[in-house]
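Just so we're on the same page: letters track the sequence lines, and every chain starts at 1.
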Amino acid sequence: MKTKITKISNINPQDTFAESTNGIYIVDAGAGTGKTHTIIRRYKNLINAGVHPKDILLITFTRNAAEQMRNDVVTAAYEQEVSITDLLEAPVLNFHSYCLRFLKKYGLKAPSILGISEMLTGNFNVAEENIYESELFRKFYLKFRKSNFRKYESIYKSLSYDYETVLSSIKKLCSIGIFPTSKGWFSNGAELLKGNEDEYRKKFEQMNEVCMGKTSEVQNEMHSIIKGMKDKVCFDFNYEENLEGKRVKESLIDEIFSDEMQEELIEFMRDVYYSYIEFMLKRNILNFDFVIMFAYLVLYSDKEIRNASQFEYIMVDEFQDTDEIQFLLLMLLCKDINGTANIGVVGDWKQGIYGFRNTTIENITLFSERLSDYKKVLNKGSERITYNTDESAINKITFEYNYRSSQKILDFSMHTLKCKGSADDKPDIEMVTNNFSKPLTAIRELDDLTEIAFYESAVQDSDSETELILKKISELTNDEKYLIREFEKDGSVKCERRIQYSDICVLSRTNEFGLKLQKEGITKNIPVNFEGGLELFASQQGILLLAWLRVMLNVNSAEGWLPILETDGNKFNELKYLTDLISKNNTNAESEYFRELFDFRDKLASEKENLLNVIEMIFTRYGFEDEYCNAILTEFSSWIKNDLLSPGELTNLINNLKIDRFNIEISNTDNAVVYQTIHGSKGLEYPVVILANMNTLVFPSSKSSYPNIYYHPVSGLRLRKQFGSIGEYSGVFDNWRSEILICMLKTGNYDEERRLLYVAATRAKQYLYFTTRKASNFFKDLLTFCGEIPVNNFDYQIIPVEFKNEIDREEIKAPEVKSHGRKFVSVHTLMDEDVPASESFESEIVPDISAGNNEAMEYGIKIHLAAQRIANKIDPGFESEEVRGIYSFLKNCGAEEIHSEVDFLYPSGNEMIRGTIDLILIYKDRVEIVDYKTGSGKKFLEQYKKQISIYKEVVNKVYPDKEVTGLIYFTGINEFVKV
DNA sequence: GGTCGCAGAGTTTTT
DNA sequence: CTCTGCGACC
């Protein structure tokens, strides 16, 4: 057995990055190069050099990644003496939690930067659920539309009721740093929205040049774009008139860019965007985008706060997942130290797969350009960035060694970024080779135990591919020639062993495929764990279930009947007729047809009390019995079990469930094949990867669409529809100017799909397989690149394997944790050990434990909010006995300083306690802690006392020379209890 | 061999 | 909304 460890020379780029801590660094860290590990090494070096943890900002994108990093930072072994509390409080965060923290401290007046009078108090909520924000926006938009209908009539007519587009445009603009103000746009926003006419003209002329084919002049790019317009319906454009031989009429260049609708659209967007921010602030809610926006605005506008917030050292992980505003924000957070900034960003542009969330890989690929461009943006009006951003100040490092895969797989991964997505797709090979010139070097010696192969199912029906995959899995687990080599930490070989189910990961572009595979696996006794979320109630099963439940609750619900009647095979005209009868309560006219439906509905209603029965009856009616049904039943039974489903609440639930997403785990077992979407697999690794479902239209997916409101830096903001008329007919037409611009500017539709392919391939350590039943372009191109022929007659008897203990893989352990053994608990957990931790954490802002019901809870929050506003000298927004009480209490308390809603984190024994103190009053010689209780009862007095005593202990540490006293303030009865 | 028209079939998800 | 595949046509 080979035990050779590839020797890493002293100039290993990983070492270079870990050891050079000063200056600007951009690190291209490909898959499996140990980037997070290197970041932690660099962090340790900084601490060992005497840098205080509070001066190093370590930032990433996801909560999990940040959590992992924080764990690494706290448990690392340092040579330098460093306090645990300092490490626990170190800024190791994801973007949003950093900004949240920042806003709680400095955000109060942030809205005023945009000209909004509303304040941002410290206890705002973040709308975390997409469905929630979407609903919120819808409510807002309908009201806005109504009150401004005249003003933007033509826009509304063009947009119809498409509020989702408006919301996503707001988010898009936010992500690139375009913000509305009361009168216009913040900073250079107005300019950006108009677009860049010079660039456009250059592009037009370039695309309209005479183009020579093999023998004679052929149609150029502009010509084919204009010709393509024949499929569009425009009321004021005739494509034929604008063609001139093999080119396009020159006069068109002036006409395309100037659209009189654009100005109106920009003003509409400003109004709706601005009003939406106001609307959210009035409700004390922010969305994720506005959290970043306000943090940026404060840092941009307030020199003092900016100086106080800047960091000596910043490191960013997963930099390919950032958007433009996050780049700008990071630049503001860098402290200028003698003309340089110490920032190291680490990422892999090849793994940028979150474009739909507005992240841009250009933050990496155009790092230098953006750095100097953004410096100009940030220095508009006054100088905010003083450190050097010249090319010469930027250090580029590429990690070259891979600790995961065989060399064969690494070499292969080069091809993934060059595959064609469609027959006439033109991947930007030049860009790929410029940014990824040679494959990574494998550190693990695996080339004797590695394989890449392609499989095509013999028949084209959809079950044949899942069966093929199960056969392959069976071969992998039964045939002795497949071995997995494991390594020790030092790189020497630990052991070689047979493959078991959990070593195998099946990846696909879609969720759906996994369900099929799992179902098929069950019948063949091969366990497949399905991991990931599913839109349960968007499935046919879910839609029909909700429809019947609606009808059960309200027999006249046309909304409910519609999907039922549709499933019955009725077409548009019949549907209209039938729903009409229902809403007019006139079903007698078709009593024959309705009788059976109504009977079934009545049967359901009679079982109303037993909801699970009702659901079963509905599924049985349609013969549904798949994983969706199981998952839906499980979901409902858990709601029922938790008493969340009284008949009244059912209506509510149904209305909100429509598009929500659930994490369902269906019959997952210990040793099973893992199924994931490629997105879900990012960051993970497996000895065996089967990339399945590589079928046309699936992967790469061709479903890409440009929204109705479109933004591109060259075109500016554009509306794709336009209200107009041809003769008698008035209606919504395509806006030809916008359509032409979009065609001119669109780039690499399949770039992100290719990166997805790269992510998938680089998850594999040793064995990598591709399967299809109807080969997509990706599948075909990979074959060509490899010079391989697909296996299309693969057969293997499916033999389930019972794994014995001796070959059981040792459980993957988290990196050695020199545990300080602290876990996080909230104060409320300590007050009452019976309350489950999750619940008590929720209740941290809940003023009264006895307030089990929503109303009391909401009321408590309202009073707390009012108290906080009073403490911050802001109008509480409403009057009541209690508000007056709090007001006079604060006015007369005579304290020198008042702090409200103080968050703390306090180590005690094996635990980290976290909590929020309502109010701290600081006097000359003493400190008083006040906790509001809005309920009237004092029956929990003992527990409250316990809570206060914990607070006292905490506050005592901060003010060791002052006497600390506690006070419980029962606001409802205006009584005080000293503790 | 080019190209035209038409039917059919299709996604991911984080803060 | 956009790609593929197919048949039709020059």
Using the side-chain heavy atoms of K780(A), tell me which of these nucleotides is nearest: dG5(C), dT13(B), dT15(B). dG5(C)

Out of dT4(C), dG5(C), dT11(B), which has the shortest distance to the side chain of N777(A)? dT4(C)

Starting from C1' on dT15(B), measure out to CD on E318(A) and report it in whole angstrom. 14 Å

Quick one: D321(A) CG to dT12(B) C1', roughly how many Å, whole number? 13 Å

Euclidean distance, atom CG of residue L697(A) to atom P of dT2(C) [Å, nearest integer]: 14 Å

Side chains of Q68(A) and D72(A) only: does a donor on one sit below 3.5 Å from an acceptor on the other? yes

Taking dT14(B), dC3(C), dG5(C) as options, the one with an atom nearest any side-chain atom of R357(A) is dT14(B)

Categorize F61(A) for me: base, sugar-phosphate, or nothing, with a 4.0 angstrom heavy-atom threshold over every strand shown. sugar-phosphate

Side chain of T62(A) only, heavy atoms from C-beta on: which candidate in dT13(B), dG5(C), dT15(B) is closest? dT15(B)

Is E465(A) salt-bridged to K516(A), cutoff N-O under 4.0 Å? no

Tell me what N693(A) touches on the nucleic acid: a base, only sugar-phosphate, or nothing, going by heavy atoms under 4.0 Å. nothing

Any N94(A) side-chain N or O less than 4.0 Å from OP1/OP2 of dT14(B): no

Distance check, C1' atoms only: dT13(B) and dT2(C), in whole angstrom units. 22 Å

Side-chain ion pair, R720(A) and D734(A), N-O less than 4.0 Å: no

Before accepting this row, confirm whether a basic side-chain N of the pair D321(A)/K682(A) lies closer than 4.0 Å to the acidic partner's carboxylate O. yes

Value in whole Å for how far the C1' atom of dT12(B) lies from OH of Y758(A): 20 Å

Charged N-O contact under 4.0 Å between R754(A) and D425(A): yes

To the nearest Å, how far apart are N358(A) CG and dT13(B) P? 17 Å

Quick one: is dG5(C) close enough that its OP1 or OP2 comes under 4.0 Å of any side-chain N or O from T696(A)? no

Please state how far atom CZ in R509(A) lies from atom P in dG10(B), giving the value in whole angstrom units. 14 Å

d(OH, Y354(A); P, dT12(B)) in whole Å: 12 Å

Which sits closer to the 5' end of DNA chain C, S422(A) or D734(A), going by the nucleotide each is nearest to? D734(A)

Between dT11(B) (P) and M694(A) (CE): distance, integer Å: 15 Å

